[in-house]
Student: 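Here it is: the structure, laid out below.
Here, residue 1 is the first one in the sequence, and each next residue gets the next number.
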Amino acid sequence: MRVRYRLVTYTASPAAEQQDMERLFHELWHVRQRAMQPAGEWRPRTDVYETPGSLFVKLELAGVPEEAIEITLYADHVVVTGSREEALPVGQQGTSPDRGLAFHEAQIHYGSFRSEVRLPHPVDSERVRAELDNGFLIITLPRADA
């Protein structure tokens with residue numbers, strides 16, 4: 001799977017106290033960004049875990065084709081964007097949703113999505129891998145110092 005890498009060189013390298021403040025600001029801003037997302041945009045369920053040699057980002061993307069997913073790696077975070085198209089239930093193709101189709105529950109998100117994960121340490125951009133397996137996107141981000 002194709003992963004784009006963008007090295008952002010204009011990021012300042014602050015002292016330790018400033019790093020803590022920036023981390024807090026980033027976390028608060030990220031929460032605010034989610035609240036300000038356009039209507040219809042959603043964030044897939046995401047697990048982030050690591051081993052001594054790599055960081056793993058696992059996203060639940062059932063029904064999203066590989067060509068609808070874009071992964072962009074920045075120096076300090078990874079962003080996954082894409083879209084899941086809404087398909088009418090079996091037997092309803094060719095029927096407009098406003099005629100004869102009534103949902104009793106609607107919990108599946110459709111439309112464009114975005115997930116941003118901050119990287120706790122530098123990664124080796126040359127060895128990053130991503131694969132879509134049984135509805136899960138798994139991004140492997142090897143540590144730069146491993």
Student: Of the non-hydrogen atoms in L119 and A75, which two are nearest, and what is the gap between them?
Tutor: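 In this case the closest contact between L119 and A75 is CD1-O, 4.3 Å.
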Student: Provide the closest heavy-atom pair for P65 versus G63 in the form atom of the first, atom of the second, distance.
Tutor: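 Residues P65 and G63, closest heavy atoms: CD-O, 3.6 Å.
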Student: Determine the minimum heavy-atom distance between S54 and P142, stating which atoms define it.
Tutor: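 That would be OG-CA, 3.5 Å.
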Student: Tell me the closest heavy-atom pair linking V57 and V117, and the distance in Å.
Tutor: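 Scanning both residues completely, I find the closest heavy atoms to be CG1-CG2, 4.0 Å.
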Student: For R114 and E41, what are the C-alpha separation, side-chain angles and deciding distance, and is it a side chain to side chain contact (heavy atoms under 4.5 Å, CB included)?
Tutor: CA-CA 7 Å; R114 177 183 175 89; E41 189 169 74; 4.2 Å; yes
Student: Roughly how far, to the nearest 0.5 Å, is the CD1 atom of I138 from the CG atom of D133?
Tutor: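 Answer rounded to 0.5 Å: 6.0 Å.
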Student: I want to check something: taking the side chain as every heavy atom from C-beta on, are V80 and T46 in contact at a cut-off of under 4.5 Å?
Tutor: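 Side-chain contact under 4.5 Å: no.
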Student: With rounding to the nearest 0.5 Å, note down the distance linking OG in S115 to CG in L61.
Tutor: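 Atom-to-atom, S115:OG and L61:CG are 8.5 Å apart.
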Student: Any ion pair linking E131 and R129 (charged N to carboxylate O, less than 4.0 Å)?
Tutor: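 Judged by the 4.0 Å cut-off on N to carboxylate O distance, R129 and E131 do not form a salt bridge.
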Student: Using side-chain heavy atoms (C-beta onward) and a distance below 4.5 Å, is E60 in contact with F136?
Tutor: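 In short, these two side chains touch, coming nearer than 4.5 Å.
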Student: Taking side-chain hydrogen bond (donor to acceptor under 3.5 Å, both in side chains) as the definition, give me every residue that meets it alongside S83, ordered by chain and number, with sequence neighbours left out.
Tutor: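 E85.
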Student: Would you mind telling me which of L55, I71, T72, V123 makes a side-chain contact (heavy atoms from CB on, under 4.5 Å) with V78?
Tutor: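 It is I71, the one option of L55, I71, T72, V123 that forms the side-chain contact (heavy atoms from CB on, under 4.5 Å) with V78.
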Student: Check this for me, if you would: do R143 and D124 make a salt bridge, where the nitrogen-to-carboxylate-oxygen distance has to be below 4.0 angstrom?
Tutor: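 Looking at R143 and D124, the cut-off is not met.
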Student: Just wondering, do L59 and R45 contact through their side chains at under 4.5 Å, heavy atoms?
Tutor: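 In short, these two side chains do not touch, never coming nearer than 4.5 Å.
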Student: Walk me through whether R84 and I108 qualify under side chain to side chain contact (heavy atoms under 4.5 Å, CB included).
Tutor: CA-CA 10 Å; R84 176 166 44 205; I108 300 171; 4.1 Å; yes
Student: In chain order, what residues pass the ring pair (Phe, Tyr, Trp, His ring centres under 6.0 Å) check against H109, with sequence neighbours excluded?
Tutor: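 With sequence neighbours excluded, H109 shows a ring pair (Phe, Tyr, Trp, His ring centres under 6.0 Å) to W42, given in chain and number order.
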Student: Determine, step by step, whether E50 and H121 satisfy the side chain to side chain contact (heavy atoms under 4.5 Å, CB included) criterion, reporting the C-alpha distance in whole Å, the side-chain angles of both residues, the deciding distance to 0.1 Å, and the verdict.
Tutor: CA-CA 11 Å; E50 68 179 299; H121 49 72; 3.3 Å; yes
Student: Scan for ring-ring contact (aromatic ring centres under 6.0 Å, His included) pairs involving residues 44-65, sequence neighbours excluded, and state none if there are none.
Tutor: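 Output for this query lists Y49-F56.
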Student: Rounded at 0.5 Å granularity, tell me how far CZ in R118 sits from NE2 in H77.
Tutor: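 So the CZ of R118 and the NE2 of H77 are separated by 9.0 Å.
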Student: Which distance, rounded to the nearest 0.5 Å, do you find between the CG of L73 and the CG of D76?
Tutor: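 L73 CG to D76 CG: 9.5 Å, rounded to 0.5 Å.
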Student: Please round to the nearest 0.5 Å and tell me the distance separating atom NZ of K58 and atom CD1 of I139.
Tutor: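 Rounded to the nearest 0.5 Å, the NZ-CD1 separation comes to 12.5 Å.
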